[in-house]
Amino acid sequence: GTSSGTGQEFLRLLTQHLSQALGMSYAFVGKVANQDGDRIQVLASWAKGALGPIFAYDLAGTPCAQACQGELCYYPDQVQQQFPDDRMLCEMGVRSYLGAPLLDSTGTKTLGIIAVLDERPMAHAELSGSILEVFAVRAATELERILFESEMRAARETAELASQAKSRFLAKMSHEIRTPLNGVLGTADILCGTSLEKDQLELVKIMQEAGSCLLEIVNDVLDLSKIEAGGLQIHREPFDLRSQTMSVVQLLRPPATAKGLELRLCIAPAVPEQVLGDSMRVRQVLTNLVGNAVRYTDIGSVDVAITAAEQNGELVVRFEVRDTGPGISEGDQERIFSSFEQVEAIARHAGGTGLGLSIARQLVDAMGGAIGVNSQLGAGSVFWATLPLAATHEPQPSPATTCEPKLSAATLWPGLRVLVAEDNQVNQVVAKRLLTQLGCVVEVVPDGSAAICSVRSTTFDIVFMDSQMPGVDGLDATKVIRQEHSKQDLPIISLTANAFEEHREACFAVGMNDVLNKPMRVADVQRILGKWASCAGRSLTSARSSRGS
């Protein structure tokens, strides 16, 4: 009956069979319950033909203390007289005791004890001891397994709690850094739209560049933390690979041109336009590889090549980024894909966090691909990544709205009524100035309660709602606004310094239409206005006409 089963149920059966095999009234199995080894926690017991109680007791002055020393402990009669301070022996009325230690698989550590007791003297001591030792070996094996699983569960729970604490800390850190950064970059963007002298404009652009570098570092740290916490999700949907690649190259062309580098793109005819994969993660990997090449190359060119071929029945796309930079020694080539690792001489020259390639590797691994580098000192580098991206003719997912116009730097929304709910005074000024510069009529309120009152009393075309505000926050305010029938179509955009995906999902769950991460940049605000301002149940043209009449 004890040959199968595990856990405490097994130990209960074992004590029953042990009691019956030795003809003893009581039997129990216990584990050492503390670091000092002077307390036992009974896990299973059998008492006079039924399951016995589960309890803990101190070993001092008991025969079990001897058993815990690592040897068979045998008192065939008058055990109470030998241990007068053991009240349990007296209460049970026992005269005989036989106990054995439960040793771990190395035979060096006592995990617990197994014992039998009876109101009568014990006969056949040698035989009883042999039988007990057989039961002890099996009980020790099971107890060691139970303790190991318990330790693993505790370790998992500790790791999960640590991961949750880390996520909360990083979300807080993200908010605390992005909030002042919103003021810095937002102010710089506003200044760039004003009449500045040449040297003033140069200083503002330096401010923009420094702020953008800081934002890149924050994003890298948050990305790495999400991956380490197991929060990375890979999506599989149709997207235009060719346009995605061209977009990345176009984005990085200005910094390449500023350094006098040629940035060239070659896409092989075999590369399909439509593929299935995670477009955002593919873009992130490619942006990292091309951005690194531009950052670390001072003279010459950066060439991006995209090819595709069938491998084992699936389409594999290969991205290659070839630069004429300083190259990387063989000893450093694997190291640069580790977190916070850089080639020291290059890092001193070009900066960076040393996280980008580590993130790229983990993203590529998650997508089922491979990544690497071929390089030698003084001869440039070729960074490459291969990804399984199946060709498809499925249409790309329809955007949430079809109202998104093409934008230019001069795009304005004269007369558009905008409500901004934001508690930070610096960000209030930045948001109002930025939106006013784009032609909007702006009202600013400091919290969710004021936002609810303003929406009830005034007609707005769009609301920018800070997610975290004192009192009624942006999420709760949105819930209230959405409960009012006349406000169902009012676009509400979350303004958030929390860049985590779960926060975005929480915003959408309460009825927000989109998320704008801080810091607010002119191009991002233009995109949001173009996407949502004309979709609030009427076109901008008719809205402006009605206001003008």
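In this structure a side-chain-to-backbone donor-acceptor pair under 3.5 Å is present from N513 to I492. Side chain of N424 to backbone of N427: a donor-acceptor contact under 3.5 angstrom is found. A side-chain donor-acceptor contact under 3.5 Å links S243 to the backbone of D240. A distance-only check finds a donor-acceptor pair linking the side chain of D323 to the backbone of S381 [under 3.5 Å]. Between the side chain of S467 and the main chain of D473, no donor-acceptor pair closer than 3.5 Å is present. Here the side chain of S375 pairs a donor or acceptor atom with the backbone of G380 at under 3.5 angstrom. K259 contributes a side-chain N or O that, together with a main-chain N or O of V294, makes up a donor-acceptor pair within less than 3.5 Å. Judged purely by atom type and a 3.5 angstrom limit, E237 has no side-chain atom pairing as donor or acceptor with the backbone of D278. Not a single donor-acceptor pair under 3.5 Å links the side chain of S494 to the backbone N or O of C507.
The side chain to side chain contact (heavy atoms under 4.5 Å, CB included) with C440 is formed by just one residue from the set L435, D461, V525; it is L435. When each of L438, V441, L529 is paired with L416, the side chain to side chain contact (heavy atoms under 4.5 Å, CB included) condition holds for L529 and for no other.
Salt-bridge check for R318 with E320: passed, with a basic side-chain N closer than 4.0 Å to an acidic carboxylate O.
In the displayed structure, E310 atom CD is contacted under 6.0 Å by more than 12 heavy atoms of other residues, nucleotides or ligands. For L161, the CG atom sits in a packed shell: over 12 heavy atoms of surrounding residues, nucleotides or ligands are nearer than 6.0 Å. Annotation: R322, atom CZ; neighbour count of heavy atoms from other residues, nucleotides and ligands within 6.0 Å does not exceed 12.
Side chains of R417 and T458: no donor on one and acceptor on the other come within 3.5 Å. When only modelled atom types and interatomic distance are considered, R283 and T245 share no side-chain donor-acceptor pair under 3.5 Å. Side-chain contact, T496 with Q468: no donor N or O sits under 3.5 Å from an acceptor N or O.
Take S449 and apply the side-chain contact (heavy atoms from CB on, under 4.5 Å) test, not counting sequence neighbours, and it matches D447, V472. Under the salt bridge (Lys or Arg N to Asp or Glu O under 4.0 Å) criterion, R242 pairs with no residue at all, not counting sequence neighbours. Scanning for salt bridge (Lys or Arg N to Asp or Glu O under 4.0 Å) contacts around D189 gives R521, with sequence neighbours left out.
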